[in-house]
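Reading through the structure tokens given below for one structure.
First the proteins, then the strands, lettered A, B, ... as listed; each starts at 1. Because only heavy atoms are used, hydrogens play no part in the values below, and waters and symmetry mates are left out as well, while side chains stay in.
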Amino acid sequence: MAIGYACLAIGVPNTDQRTCTSNYVTESRLLELIAHNLAALEELIEYNIKNEITLFRISSDLIPFGSSPLNPLKWWEIFKDDFDRIGVKIKQGHLRVSMHPGQYTVLNSPHPEVVQRAVDDLNYHAQVLASLNTLSDSKIILHIGGVYDQKELAIDRFASNYKKLEPSVKKRLIIENDERSYSISDVLEISWQLGIPVVFDNLHHQIHPSDPKKNEFYWIEEARKTWKPVDGPQKIHYSQRNTSKKSGSHSAGIDLDEFMKFYTELGRTDLDIMLEVKDKNFSALKCINATRTISKIGTLELEWSRYKYTVLEHSPAIYNQIRLLLNDKTTYPVFDFYHLLEKALAVQWSIGERINAAQHVWGYFKNCATDTEKKQFLKLLEEVENGTGSIKKVKTHLLRLSRNYEQKYLMDSYYLYLD
DNA sequence: TGACGTCAAGATCCG
DNA sequence: CGGATCTTGACGTCA
């Protein structure tokens with residue numbers, strides 16, 4: 001089983017994807033952006049492999065205006081060496097990558113120009129995955145589209161437009177239930193008609209269920225039957241509700257107990273789970289570590305090294321509890337560890353504790369920093385104390401110091417990247 | 001016509 | 001001038 005996250009990682013330097021608006025598009029600007037984004041993708045791939053995250057969705061923004069006439073570049077030829085090199089890393093790292101055009105790629109629209117743009121967009125996505133030399137288990141996830149008051153006709157349009165797609169797209173295309181128009185049973189029916197693998201999305205299903213008598217595990221089993229060996233392991237999307245926001249919103253992080261309840265009831269490890277969650281790689285690592293079959297405390301120690309100063313600024317008490325928890329090197333207290341972590345992050349920080357944590361981090365530099373750097377730090381800290389500054393500025397300063405003095409341990413710390 | 005979702009770029013404001 | 005904050009863009013459907 002692989003568990004993964006979508007498009008971007010938090011706290012991993014040099015992995016941001018850049019773009020520009022249409023009125024600023026020039027060939028040289030596009031070349032610059034593509035080069036930047038490919039370098040960022042390579043960093044992301046390396047991070048994923050190093051951290052044993054073997055499922056990853058590549059951002060559709062990799063090639064700005066990749067499916068638009070605004071971008072006439074043959075980017076797959078110009079950057080062939082980069083694609084090849086990244087592709088080798090993906091393959092050697094046993095990483096499974098996918099892509100997911102947004103809700104605006106609508107293959108079943110009654111408007112031919114909308115359909116044409118959808119086709120162009122699917123071709124673009126297939127071109128990216130082909131350029132990386134991935135196999136047909138590297139998928140493109142698509143929603144069915146609109147209903148237009150006549151669902152049967154809309155489905156027919158989807159079917160006839162699907163049949164006209166390039167083989168390079170067809171071999172990768174998979175379809176997903178959405179939260180408004182097409183329930184999981186709708187999507188399965190389309191799948192039976194066309195032979196397309198189905199991705200079950202639990203949150204969309206919660207919001208837009210098809211049969212109240214059947215639970216989500218029933219539908220996951222049904223979806224399983226749509227996957228052929230050439231498609232790779234079945235994929236599902238898993239997310240949790242953000243209860244404080246509108247119904248379809250994804251949660252900030254994955255609640256481990258809720259995830260484990262799902263995982264246990266699922267009772268299978270022969271499928272891949274794509275998490276859709278705001279904190280991305282953080283939650284992916286949590287779920288991966290909680291479901292490891294081979295476990296060692298070093299994994300948790302590595303996580304702790306990234307989280308410790310963030311925990312400290314929320315709760316020194318829990319900070320100490322986790323330290324004690326990890327003392328016994330013969331155990332793997334993964335649930336206690338993440339429970340404490342979740343508990344700490346839920347604690348509202350106070351100014352005093354934030355300053356305390358910042359001073360801990362400053363400890364790395366007190367012997368090497370220049371007087372100016374020290375003065376700057378103390379000034380920023382004082383501004384936080386009297387309410388005129390922000391901790392963000394303090395952290396930005398500490399991040400710059402970490403880079404300048406090559407404090408690797410700190411540079412990997414989530415503390416520097418979280419607000 | 002605005003909401004939906006998503007992320008940065010761009011624009012503007014502030015000290 | 002730099003940094004923080006607000007607005008826009010880019011997409012299509014639906015209320």
Which residues pass the side-chain hydrogen bond (donor to acceptor under 3.5 Å, both in side chains) test with [X], not counting sequence neighbours?
X        : answer
A/Glu303 : A/Arg306, A/Tyr338
A/Gln407 : none
A/Arg268 : A/Glu221, A/Gln234, A/Asp270

Across the strands shown, which category fits A/Gly146 at heavy-atom distances under 4.0 angstrom: base, sugar-phosphate, nothing?
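The residue A/Gly146 makes sugar-phosphate contact but no base contact.
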Touch class at under 4.0 angstrom, heavy-atom based, for A/Lys280 against every strand present:
sugar-phosphate
Comparing nearest nucleotides in DNA chain B, the 5'-proximal residue of the pair A/Ala6, A/Arg29 is A/Ala6
Reading DNA chain B from 5' onward, which residue's closest nucleotide shows up sooner: A/Asp61 or A/Thr21?
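Of the two residues, A/Asp61 wins.
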Nucleic acid contacts of residues 369-377 of chain A, taken as heavy-atom distances under 4.0 Å to DNA chain C
none
Of residues 103-120 of chain A, the positions that come close to DNA chain C - non-hydrogen atoms, cut-off under 4.0 Å
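Heavy-atom cutoff 4.0 Å gives A/Tyr104, A/Val106, A/Ser109, A/His111, A/Val114, A/Arg117.
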Classify the ring geometry of A/Tyr307 against A/Phe282: parallel below 30°, tilted from 30° to 60°, perpendicular beyond 60°.
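Perpendicular: the ring planes of A/Tyr307 and A/Phe282 meet at over 60°.
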Cut-off 3.5 Å, no hydrogens considered: what does the side-chain donor-acceptor table look like for residues 145-154 of chain A, sequence neighbours left out?
from: A/Lys151; atom 1: NZ; to: A/Ser181; atom 2: O; distance (Å): 2.8
from: A/Lys151; atom 1: NZ; to: A/Asp186; atom 2: OD2; distance (Å): 2.8

Sequence neighbours excluded, every pair satisfying salt bridge (charged side-chain N to carboxylate O under 4.0 Å, His left out) that has a member inside residues 90-106 of chain A
A/Arg96-A/Asp272
What range of DNA chain C does chain A touch, first nucleotide to last, counting atoms under 4.0 Å from its heavy atoms?
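Both ends considered, the range comes out as C/dG3 to C/dC14.
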Using atom [atom1] of [X] as one end and atom [atom2] of [N] as the other, report the distance to the nearest whole Å.
X        : N     : atom1 : atom2 : result
A/His36  : B/dC7 : NE2   : C1'   : 13 Å
A/Glu276 : B/dT6 : CD    : C1'   : 12 Å
A/Leu8   : B/dT6 : CG    : C1'   : 10 Å

With A/Lys225, which residues qualify under salt bridge (charged side-chain N to carboxylate O under 4.0 Å, His left out), at least two apart?
A/Glu222
Between [Y] and [X], is the closest basic N to carboxylate O distance under 4.0 Å?
X        : Y        : answer
A/Arg85  : A/Asp82  : yes
A/Glu258 : A/Arg241 : no
A/Arg29  : A/Glu32  : yes

To 10°, what angle do the rotation axes through the five end pairs on each side of the helix from B/dT1-C/dA15 to B/dG15-C/dC1 form?
70°
Name all pairs fulfilling the side-chain hydrogen bond (donor to acceptor under 3.5 Å, both in side chains) condition that reach into residues 115-132 of chain A, sequence neighbours left out, sorted by first residue then second.
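Counting only pairs at least two positions apart or across chains, the side-chain hydrogen bond (donor to acceptor under 3.5 Å, both in side chains) contacts touching residues 115-132 of chain A are A/Ser60-A/His125, A/Ser67-A/Asp121, A/Thr105-A/Asp121, A/Gln116-A/Asp120, A/Gln127-A/Ser131.
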Qualifying side-chain hydrogen bond (donor to acceptor under 3.5 Å, both in side chains) pairs with a residue from residues 2-15 of chain A, counting only residues at least two apart or across chains:
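Non-adjacent pairs meeting side-chain hydrogen bond (donor to acceptor under 3.5 Å, both in side chains): A/Tyr5-A/Asn48.
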Shortest non-hydrogen pair, A/Val384 vs A/Ile355, comes out as CG1-CG1, 4.3 Å
Using the closest heavy atom to pick a nucleotide of DNA chain C for each, name whichever of A/Ser22 or A/Ser390 lands nearer the 5' end.
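Per heavy-atom nearest nucleotide, the more 5' residue is A/Ser390.
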Assign each of A/Lys392 and A/Ser181 to its nearest nucleotide of DNA chain C by heavy atoms, then name whichever residue's nucleotide is nearer the 5' end.
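The 5'-side residue here is A/Lys392.
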With a 3.5 Å distance limit and no angle check, can you tell me whether A/His314 reaches the backbone of A/Val347 through a side-chain donor-acceptor pair?
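Such a contact is found between A/His314 side chain and A/Val347 backbone.
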